[in-house]
Amino acid sequence: MVTATFRFYEELNDFLAPERRRREFACSCARAATTKHMIEALGVPHTEVELILVNGESVGFDRLLKDGDRVAVFPKFEMADITPLLRVREHPLRVMRFVADAHLGGLAHLLRMAGFDTLYDNRYHDSEIEAIVMNDGRIVLTRDRELLKRRSITHGCYVRTLKPPQQLCEIFDRLDLARSVRPFTLCLNCNAPLRAIEKAQVLTRLPPSVRERFDHFSTCDVCRRVFWEGSHWHRMRAVLEDCMRSD
């Protein structure tokens, strides 16, 4: 058996058993155990990890652990520049595109509102999400830490908050999304691009009260839904502005 000492930092402690949080602890490892294997065995999805130091040296997920190793595991760095060090993912995603699991329909809706390409279907199985990631290079959003432990999922976020507005702010903060917002450019229903359309072209599809009060409209060419700046639009806009301020 190999024994290594571990220390997890910041929010990674949320995944650990209470007696292991915010302190060093020794742990027995199999002889062929890698850093990834042991980090996930302790409960932390690899997608939450940004940097691993073993005996002070930056390593990747495939580093085999040796007896006496001291392992420090860090989440995303908000304030420190770690570019001179080795991050555990070689290729960051250049385009923020998401796939949300069955429990995050409200968050998916809000991300589309903010202009972020987000796939969602409450019938997705974990294997389908994994296939989407492999084919499409998306970031997984989930409250299921076991999903994030799948080897082929390299980019993902465990969503800690429970209500969609707070979830949106959490993702904005973690991924620094404020600078990439393009509000009301995607269909909230099917994720396709929206385009402006003349009122005369949608007149027969509008409720009488909307025909009387509004003049500017957009539509989705996939599901043919029509959108306007009504009370729902203003509520969603307020949620987005709250996240932009907090970010």
Side-chain angles (χ1 to χ4, degrees), residues 1-93 98 100-101 103-104 107 126 129-130 133 139-162 166-167 169-177 246-247:
M1 269 299 207
V2 167
T3 299
T5 301
F6 291 83
R7 172 69 162 90
F8 289 80
Y9 289 85
E10 303 302 335
E11 63 265 26
L12 297 184
N13 285 277
D14 296 343
F15 297 102
L16 300 177
E19 66 274 12
R20 288 173 166 168
R21 293 173 185 169
R22 295 175 177 81
R23 60 180 290 269
E24 285 192 353
F25 60 90
C27 188
S28 297
C29 318
R31 287 198 176 276
T34 63
T35 51
K36 178 180 183 294
H37 171 83
M38 283 307 303
I39 286 168
E40 294 200 322
L42 291 166
V44 180
H46 70 276
T47 55
E48 299 294 294
V49 175
E50 183 75 358
L51 179 70
I52 305 168
L53 301 179
V54 176
N55 306 324
E57 178 184 353
S58 179
V59 302
F61 283 127
D62 58 353
R63 165 60 151 79
L64 292 175
L65 291 172
K66 301 174 184 177
D67 195 46
D69 278 345
R70 301 178 67 84
V71 184
V73 189
F74 299 87
K76 178 182 177 182
F77 285 72
E78 301 294 345
M79 303 301 294
D81 179 11
I82 64 167
T83 50
L85 302 175
L86 171 67
R87 295 169 184 247
V88 292
R89 277 167 289 282
E90 295 180 6
H91 305 292
L93 295 180
F98 302 96
D101 76 4
H103 305 288
L104 296 177
L107 173 59
D126 287 359
I129 292 175
E130 188 174 19
V133 169
I139 299 169
V140 176
L141 303 175
T142 183
R143 285 188 47 77
D144 177 5
R145 68 179 72 181
E146 295 304 314
L147 174 59
L148 293 179
K149 292 180 182 180
R150 294 192 174 218
R151 182 177 296 274
S152 59
I153 295 177
T154 58
H155 295 77
C157 288
Y158 177 81
V159 181
R160 291 168 170 78
T161 46
L162 298 177
Q166 287 73 44
Q167 290 171 342
C169 292
E170 177 186 341
I171 298 303
F172 261 56
D173 182 58
R174 291 185 64 187
L175 300 181
D176 193 21
L177 296 184
S246 64
D247 188 70

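Each residue takes its place number in the sequence, starting with 1. The figures that follow rest on heavy atoms only: side chains count, while hydrogens, waters and symmetry mates do not.
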Undergrad: About how many Å separate CG of Leu64 and CE of Met38, when rounded to the nearest 0.5 Å?
TA: 13.0 Å

Undergrad: Minimum heavy-atom separation for Val133 and Ser152, please, with both atom names.
TA: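 Reported closest heavy-atom pair: CG1-O, 4.0 Å.
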
Undergrad: Using 0.5 Å steps for rounding, measure from the CG atom of Leu65 to the OG atom of Ser28.
TA: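 The distance works out to 12.0 Å.
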
Undergrad: Tell me whether the NZ or CZ atom of Arg7 lies within the 45° cone about the ring axis of Tyr9 and under 6.0 Å from its centre.
TA: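 Judged by the rule, Arg7 and Tyr9 form a cation-pi pair.
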
Undergrad: To the nearest 0.5 Å, how far apart are CG in Leu12 and CZ in Arg22?
TA: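 Spacing of CG (Leu12) from CZ (Arg22) equals 10.0 Å.
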
Undergrad: With a 6.0 Å cut-off (strictly less than), is the heavy-atom count around CD of Glu57, excluding the residue itself, greater than 12?
TA: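 Check fails, neighbour count at 12 or below.
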
Undergrad: Would the distance check show the side chain of Arg63 and the main-chain N or O of Thr34 forming a donor-acceptor pair, the cut-off being under 3.5 Å?
TA: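 A pair under 3.5 Å: no.
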
Undergrad: Do the side chain of Lys36 and the main chain of Asp62 share a donor and acceptor less than 3.5 angstrom apart?
TA: no

Undergrad: Just how far is it from atom CZ of Phe61 to atom OG1 of Thr154, taken to the nearest 0.5 Å?
TA: 9.5 Å

Undergrad: Considering all heavy atoms of both residues, which atom of Arg145 and which atom of Gly43 are nearest to each other, and what is their separation?
TA: NH1-O, 3.4 Å

Undergrad: In the structure I gave you, are the side-chain heavy atoms of Tyr158 and Leu148 within less than 4.5 Å of one another anywhere?
TA: yes

Undergrad: Roughly how far apart are Lys149 NZ and Glu48 CD, rounded to 0.5 Å?
TA: 11.5 Å

Undergrad: Taking C-beta and beyond as the side chain, do Ile52 and Val71 meet within less than 4.5 Å on heavy atoms?
TA: yes

Undergrad: Can you name the nearest heavy-atom pair linking Arg174 to Cys157, along with the distance?
TA: NH1-CB, 3.8 Å

Undergrad: What are the two closest non-hydrogen atoms of Ala33 and Cys29, and how far apart are they?
TA: CB-CB, 4.1 Å

Undergrad: For the side chain to side chain donor-acceptor pair (under 3.5 Å) test, which of Gln167, Gln166, Glu170 pairs with Thr161?
TA: Glu170

Undergrad: Do the non-hydrogen side-chain atoms of His46 and Thr35 ever get within less than 4.5 Å of each other?
TA: no

Undergrad: Quick one: CG on Leu162 to CG on Leu107, what's the gap to the nearest 0.5 Å?
TA: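 Leu162 atom CG to Leu107 atom CG measures 12.0 Å (nearest 0.5 Å).
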
Undergrad: Val140 and side chain to side chain contact (heavy atoms under 4.5 Å, CB included): which partner among Asp101, Asp126, Ile153?
TA: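 With Val140 as partner, side chain to side chain contact (heavy atoms under 4.5 Å, CB included) holds for just one option, Ile153.
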
Undergrad: Please find the pair of heavy atoms, one from Asp67 and one from Val2, that lie closest to each other, and give the distance.
TA: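 Residues Asp67 and Val2, closest heavy atoms: N-CG1, 3.3 Å.
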
Undergrad: Taking all non-hydrogen atoms of both residues into account, name the closest pair between Cys27 and Arg20 and its distance.
TA: SG-NH2, 4.3 Å

Undergrad: Are any non-hydrogen side-chain atoms of Ser58 and Leu51 less than 4.5 angstrom apart?
TA: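 Yes. Closest side-chain heavy atoms under 4.5 Å.
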
Undergrad: Do Arg150 and Glu130 meet the salt-bridge criterion of a basic N to acidic O distance under 4.0 Å?
TA: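 Salt bridge present between Glu130 and Arg150.
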
Undergrad: What's the verdict on salt bridge (charged side-chain N to carboxylate O under 4.0 Å, His left out) for Arg70 and Glu24, showing C-alpha distance, side-chain angles and the deciding distance?
TA: CA-CA 9 Å; Arg70 301 178 67 84; Glu24 285 192 353; 2.5 Å; yes

Undergrad: So if I apply the side chain to side chain contact (heavy atoms under 4.5 Å, CB included) rule between Phe6 and each of Asp69, Leu42, Val44, which one comes out positive?
TA: Leu42

Undergrad: Do the non-hydrogen side-chain atoms of Phe74 and Glu50 ever get within less than 4.5 Å of each other?
TA: no

Undergrad: Please find out if less than 6.0 Å separates the ring center of Phe15 from that of Phe8.
TA: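 Between Phe8 and Phe15, which both carry aromatic rings, the centre distance is not below 6.0 Å.
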
Undergrad: Any donor-acceptor pair under 3.5 Å linking the side chain of Glu10 with the backbone of Pro75?
TA: no

Undergrad: Do NZ/NE/NH1/NH2 and the carboxylate oxygens of Arg160 and Asp14 come within less than 4.0 Å?
TA: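 Salt bridge flag = yes for Asp14 with Arg160.
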
